[in-house]
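Sequential numbering from 1 along the given sequence is applied to the chain's residues.
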Amino acid sequence: MDDRTYNELTYPEESSSDCSFTANEDKQVSLSLGRPGVHVNHQKVLTVILSVLAGILLTVDIGLGVYYRNLTDRESIIKDINAEVAKLQQAYKTAIDAKIELRKELSKEAIQQQHSKWELEHQKTTNADYQKETEKLLMLITGLRSHIPLLKEGCRYCLPGWNLINSMCYYIPFSENTPRRSWEESREYCKNFGADLIEINSREKQLAISNLITTYHNPSVQYVASGFWIGARDVDEEGVWKWLDGTQMNEGFWNAGEPNNQGNEDCAAVYPAPKKNPFRSWNDAPCSHHLKWICEKEPN
């Protein structure tokens, strides 16, 4: 081998690398120098990308601004709504308070009306009582006026305090100050004045006596104590009523269901006429029962 061959075998890479380096470098240079518009295109692309990004950022910014504005508007709306709700709540509370006060006033008014109603009913009852008392007083005055002639005539023909009725003198103790007596005690009282218990043997006498005792009847006295003894009894035979002279009673003016002989009732008494019926006013009663009485005697 010659020297050229040895050198080539010994340094092949060096020689080839030099050549290749030079060739590549020249090629690179020649390529760069040969394409000048490539760098300009990269800048345009970058500019476009930045512009797009700027547009996106601007859009996002605008969107955020709008969103923030919407949020702000919503907050303002919520505040307004809350303010309106607070006003409504206050108005509702005021209305409820007014309703409660109104109910209180209505309750007071209802109580006042009830009191007025009760007072009116009381006044009506009082007026009705006054009316009844007035009617009783008028009846009493009428009775007294009708009694005046009896007293005048009685003063001429009868003892003091006695009345002249149908040509006979009668003693009728209307006063509540006069103590009540048994049948026997009452008859004894009459005998002390030359009289005896009354014998009611005619409708005319019954009507006159019944009208008198009914007119002067005191309603505060219980009915069982408001009677007047008369001169009739059935002590000899139960159910057979006789007058004091022994004659049997032909007609009696008994109340409904009387005489019933409840509790050994052997003496007769005349009472204020029930239901204004003067022909149903007799009851039988125990002779020991204490009642008022009616004495009868001939005039002087």
Side-chain angles (χ1 to χ4, degrees), residues 1-138 219-220:
M1 290 186 175
D2 56 11
D3 295 334
R4 185 178 56 86
T5 305
Y6 176 78
N7 291 335
E8 287 177 354
L9 292 172
T10 306
Y11 305 103
E13 294 179 2
E14 181 179 356
S15 59
S16 59
S17 63
D18 291 341
C19 291
S20 62
F21 174 76
T22 305
N24 289 338
E25 185 178 1
D26 291 342
K27 190 175 180 180
Q28 267 186 333
V29 172
S30 64
L31 287 173
S32 300
L33 293 176
R35 299 177 61 186
V38 174
H39 183 66
V40 176
N41 290 334
H42 289 171
Q43 290 180 350
K44 288 181 178 180
V45 171
L46 183 59
T47 301
V48 171
I49 292 173
L50 291 175
S51 298
V52 172
L53 290 175
I56 293 172
L57 289 174
L58 180 61
T59 303
V60 171
D61 185 49
I62 292 172
L64 290 173
V66 172
Y67 180 73
Y68 178 75
R69 183 177 179 182
N70 290 335
L71 287 178
T72 305
D73 293 341
R74 288 178 183 176
E75 288 180 359
S76 177
I77 291 172
I78 291 173
K79 288 181 180 179
D80 293 340
I81 291 174
N82 289 335
E84 290 298 326
V85 169
K87 290 180 181 179
L88 290 175
Q89 288 178 344
Q90 184 61 36
Y92 178 75
K93 183 178 181 301
T94 303
I96 292 296
D97 293 340
K99 183 179 179 181
I100 292 173
E101 290 298 325
L102 182 60
R103 283 183 176 177
K104 289 180 180 179
E105 293 296 327
L106 288 175
S107 179
K108 290 180 182 179
E109 185 66 24
I111 292 174
Q112 185 64 32
Q113 288 183 358
Q114 185 64 46
H115 289 171
S116 299
K117 181 180 178 181
W118 289 338
E119 185 176 2
L120 181 60
E121 291 177 354
H122 174 69
Q123 291 295 333
K124 287 182 178 179
T125 303
T126 303
N127 291 338
D129 293 339
Y130 287 156
Q131 184 66 28
K132 290 180 181 179
E133 290 297 326
T134 301
E135 293 176 357
K136 289 178 182 178
L137 288 174
L138 291 175
S220 63

> Calculate, to the nearest 0.5 Å, the distance between atoms CD and OG1 belonging to Q123 and T125 respectively.
9.5 Å
> As a quick check of understanding, evaluate side-chain contact (heavy atoms from CB on, under 4.5 Å) for N127 and Q131, giving each step before the final call.
CA-CA 6 Å; N127 291 338; Q131 184 66 28; over 6 Å; no
> So if I apply the side chain to side chain contact (heavy atoms under 4.5 Å, CB included) rule between L50 and each of T47, V48, V52, L46, which one comes out positive?
L46
> To the nearest 0.5 angstrom, please state how far the CD atom of Q112 sits from the CD atom of Q114.
11.0 Å
> Measure the CG-CD distance between N82 and Q89 for me, rounded to the nearest 0.5 Å.
9.5 Å
> Atom OG in S51, atom NZ in K44: separation rounded to 0.5 Å?
13.0 Å
> If you measure from OG1 on T126 to CD on E119, what distance do you get to the nearest 0.5 Å?
10.0 Å
> Please check if the side chain of S107 supplies one atom and the backbone of R103 the other of a donor-acceptor pair under 3.5 Å.
no
> Distance check, rounded to the nearest 0.5 Å: E84 atom CD versus I77 atom CD1?
12.5 Å
> Is there a side-chain contact between Q90 and T94 (heavy atoms, below 4.5 Å)?
yes
